[in-house]
Amino acid sequence: MKNYSSHRAMKFTESVIREMTRICLKHDGVNLAQGFPDFPAPLEIKEAALRAIQADLNQYAITWGEPNLRHAIAEKFAWYNGVTVDPETEITVCCGSTEAMISSLMAIVNSGEEVIVFEPFYENYGPDTILCAAKPRFITLHEPDWHFDERELTQAFNNKTKAIIINTPNNPTGKAFSHEELQFIADLCLKWGVIAVTDEIYEHILYDGAKHISIASLPGMRDQTITINSISKTYSLTGWRVGWAIAPASLTGSIRKVHDFLTVGAPHPLQEAATTALRIDRTYYQTLARDYEKRREFFSQVLEETGFRIYRPHGAYYIMTDVGHFGFSDDVTFAMYLVEKFGVATVPGSSFYSHSSLGATKIRFCFPKRMETLEQAAKQLRKFKTEK
Ligand SMILES: Cc1ncc(COP(=O)(O)O)c(C=O)c1O
């Protein structure tokens with residue numbers, strides 16, 4: 001039969017992370033693949049959503065976002081990230097940060113222009129660059145501390161560079177970019193007139209005293225940055241699909257146009273409830289980070305005890321591991337063995353790299369789960385250890 005798929009769609013595969021979730025369901029396993037919590041979201045936010053539905057907020061919201069929500073986003077961006085923005089002209093509410101990222105890239109990148117991506121990367125960034133016809137340039141984050149080589153990054157910038165994607169705290173490595181690193185990137189962006197597109201959805205999930213820094217807060221960068229965020233991770237609401245892009249007015253106009261024709265808007269009642277989320281008592285964020293730190297401690301120990309070599313994360317809720325010494329032919333074989341035989345779903349490392357060989361000895365675990373779930377996974381991994 002004739003192949004009707006576009007060349008564009010043929011250039012990438014289905015998400016490995018989402019596929020692992022489906023395989024996990026089939027084996028009735030513990031899902032430590034896809035990064036979503038299995039514990040409830042805060043009650044006051046859920047009640048706000050119920051109230052919004054009962055108040056009949058059932059129709060389209062303003063396409064670029066409910067005014068209340070845009071004001072709440074601007075308030076929070078000022079207090080937490082130290083950047084003042086105009087909610088009328090500099091914020092676009094989207095269907096999660098996933099849509100905010102692709103709308104932003106489609107709004108700024110022309111075919112053939114280059115986008116710098118740190119590798120390993122959150123798997124969406126690969127297809128995102130393909131969908132906007134950009135040429136990705138990958139810059140390695142070197143283990144064990146996931147630093148980048150300043151010379152390599154400097155050489156990647158040129159007249160064709162349109163944007164650099166930053167993700168801090170980082171999925172999958174758990175790296176929180178330091179002030180010095182962000183300043184180095186900012187200096188290159190300013191020199192070459194490049195837009196920093198920064199995905200900061202793990203901004204409140206930090207360990208070991210690490211601080212979150214938004215590149216938009218560095219001198220000169222406010223007008224050259226698109227900051228992407230959502231309620232998914234901070235408030236444990238990944239299924240609500242509410243996110244946003246914060247950008248100077250000149251770029252926001254283009255982002256809003258792309259967003260409008262891609263999705264029209266994010267769910268109206270959930271936007272209203274997201275306003276309550278963003279104005280939650282600030283102690284919530286400390287508790288969130290502390291609770292995740294406990295999970296990180298517990299699960300890091302489990303992994304070490306069961307023979308995995310771990311890269312200790314300083315932020316986000318993933319642990320990247322090296323499994324080369326277990327002797328499997330590659331990461332996909334290993335991940336399939338773990339889910340089929342021991343009921344623990346993980347993500348093969350190759351899905352975070354441009355060439356699968358680069359991730360062939362790596363496996364990512366996520367830990368935004370109830371302690372009982374993590375204990376169940378621990379039990380299964382101990383069985384794996386006995387068998388090995
Ligand atoms: C770095 C990163 N960005 C974006 C997303 C997706 O976020 P959202 O649910 O807001 O679309 C994820 C989800 O795992 C992620 O890890």
Side-chain angles (χ1 to χ4, degrees), residues 15-21 24 31-38 41 45 65 69 73 76 91-106 115 117-129 131 141 146 163-177 196-206 212 214-215 226-246 255 259 262-263 265-267 270-271 273-274 277-278 292 313-320 345-347 349 351-353 364-369:
S15 156
V16 178
I17 299 179
R18 269 82 81 187
E19 186 191 2
M20 281 310 284
T21 290
C24 183
N31 189 354
L32 301 188
Q34 197 173 359
F36 60 82
D38 69 349
I45 309 176
L69 175 56
I73 293 167
K76 183 162 179 291
I91 295 174
T92 309
V93 175
C94 296
C95 296
S97 39
T98 300
E99 195 239 316
M101 177 61 79
I102 188 66
S103 290
S104 298
L105 291 176
M106 288 182 107
V115 174
V117 181
F118 290 104
E119 178 177 59
F121 50 83
Y122 170 54
E123 66 161 358
N124 281 30
Y125 304 154
D128 282 347
T129 56
L131 287 171
L141 293 173
W146 307 105
I164 176 166
I165 299 179
I166 301 156
N167 171 217
T168 183
N170 184 263
N171 171 9
T173 65
K175 174 186 175 71
F177 281 69
V197 186
T198 170
D199 177 342
E200 303 187 358
I201 67 166
Y202 298 103
E203 64 180 352
H204 288 287
I205 304 175
L206 289 161
H212 174 67
S214 288
I215 195 166
I226 302 177
T227 306
I228 284 167
N229 213 321
S230 84
I231 60 169
S232 289
K233 311 291 175 171
T234 304
Y235 310 100
S236 306
L237 295 165
T238 60
W240 283 23
R241 315 310 303 134
V242 179
W244 53 89
I246 303 174
I255 297 170
H259 155 74
L262 280 181
T263 66
L270 303 182
Q271 288 193 45
L278 288 159
Y292 272 123
H314 297 292
Y317 49 46
Y318 306 95
I319 302 177
M320 192 70 145
T346 58
V347 180
S351 51
F352 305 106
Y353 288 88
R364 189 200 74 177
F365 289 82
C366 78
F367 58 86
K369 305 292 171 191

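Atoms within a ligand are numbered from 1 in the order they appear, just like the ligands themselves. Side-chain atoms are counted along with the backbone in the values below, which use heavy atoms only and exclude waters and symmetry mates. Just so you know, residue 1 is the first one in the sequence shown, and it goes up from there. From a predicted model like this one, the values you see are computed outputs, not experimental measurements.
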S.K.: When you compare ligand 1 with Thr98, is there at least one nitrogen or oxygen pair between them that comes in under 3.5 angstrom?
M.R.: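 By distance alone, the answer is yes.
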
S.K.: Do any nitrogen or oxygen atoms of Lys233 come within less than 3.5 Å of a nitrogen or oxygen of ligand 1?
M.R.: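 Between Lys233 and ligand 1 (N or O atoms, distance only) the closest approach is under 3.5 Å.
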
S.K.: Check whether any side-chain heavy atom of Asn229 sits under 4.5 Å from a side-chain heavy atom of Ser97, and report yes or no.
M.R.: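 Result no, sub-4.5 Å side-chain heavy-atom pair not found.
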
S.K.: Could you say whether the N/O atoms of Asn167 and ligand 1 ever approach to under 3.5 Å?
M.R.: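 N/O-N/O distance below 3.5 Å does not exist for this pair.
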
S.K.: Please check this pair: side chain of Thr129 against backbone of Gly126, looking for a donor-acceptor N/O pair closer than 3.5 Å.
M.R.: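 Judged by distance alone, yes, a pair lies under 3.5 Å.
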
S.K.: Just which atoms of ligand 1 are under 4.0 Å from any heavy atom in Arg241?
M.R.: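 Those qualifying, in numeric order: 8 (P), 9 (O), 11 (O).
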
S.K.: Would you please indicate yes or no on a ring centroid separation below 6.0 angstrom for Phe177 and Phe118?
M.R.: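 That pair passes the under 6.0 Å test.
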
S.K.: Are the side chains of His212 and Pro169 in touch, meaning some heavy atoms are under 4.5 Å apart?
M.R.: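 Sidechains of Pro169 and His212: in contact.
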
S.K.: Does the side chain of Ser15 come under 3.5 Å of the side chain of Glu123 through a donor N or O and an acceptor N or O?
M.R.: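 Present: a donor and an acceptor within the cut-off.
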
S.K.: Just let me know how Ser97 lines up against ligand 1, side chain, backbone, both or neither, with a heavy-atom cut-off below 4.0 Å.
M.R.: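 It is both backbone and side chain that touch ligand 1.
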
S.K.: Taking the six-membered ring for Trp and the full ring for Phe, Tyr or His, determine whether the centres of Phe352 and Phe121 are under 6.0 Å apart.
M.R.: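 Here the rings of Phe121 and Phe352 have centres that are no less than 6.0 Å from each other.
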
S.K.: Identify the closest protein heavy atom to atom 3 (N) of ligand 1: which residue and atom is it, and at what distance?
M.R.: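 Ranked first by proximity to atom 3 (N) of ligand 1 is Asp199 OD2, 2.6 Å.
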
S.K.: Given that the side chain starts at C-beta and the backbone is N, CA, C, O, which of these parts of Met101 lies under 4.0 Å from ligand 1, counting heavy atoms, or is it both or neither?
M.R.: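 Looking at Met101 and ligand 1, no heavy atom falls under 4.0 Å.
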
S.K.: With heavy atoms of Tyr202 as the reference, note each atom of ligand 1 found under 4.0 Å away.
M.R.: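 That gives atoms 1 (C), 13 (C), 14 (O), 15 (C), 16 (O) of ligand 1.
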
S.K.: Side chain or backbone of Ile201 under 4.0 Å from ligand 1, or both, or neither, by non-hydrogen atoms?
M.R.: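 Near ligand 1, Ile201 shows its side chain, while the N, CA, C and O stay back.
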
S.K.: Could you list the atoms of ligand 1 found under 4.0 angstrom from a heavy atom of Tyr318?
M.R.: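 Answer, ordered by atom number: 14 (O), 16 (O).
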
S.K.: Checking contacts here: is it the side chain or the backbone of Phe36 that comes within 4.0 Å of ligand 1, counting heavy atoms only? Could be both or neither.
M.R.: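 Neither; nothing of Phe36 gets under 4.0 Å from ligand 1.
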
S.K.: Establish, for the pair Lys233 and Tyr235, whether the NZ or CZ atom is under 6.0 angstrom from the six-membered ring centre and no further than 45 degrees off its axis.
M.R.: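 Lys233 over Tyr235 ring: no.
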
S.K.: Quick one: do the Tyr318 and Tyr202 side chains pair a donor with an acceptor below 3.5 Å?
M.R.: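 Tyr318 vs Tyr202: donor-acceptor pair found between side chains.
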
S.K.: Show me which atoms of ligand 1 lie under 4.0 Å from any heavy atom of Tyr125.
M.R.: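 Under 4.0 Å from Tyr125, ligand 1 has these atoms: 1 (C).
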
S.K.: So if I count the atoms of ligand 1 from 1 in the order they appear, which ones are less than 4.0 Å from some heavy atom of Gly96?
M.R.: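 Every atom of ligand 1 under 4.0 Å from some heavy atom of Gly96: 10 (O), 11 (O).
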
S.K.: Test your reading of the model: is there a side-chain donor-acceptor pair from Tyr122 to the backbone of Asn167, 3.5 Å cut-off?
M.R.: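 It does not hold such a pair.
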
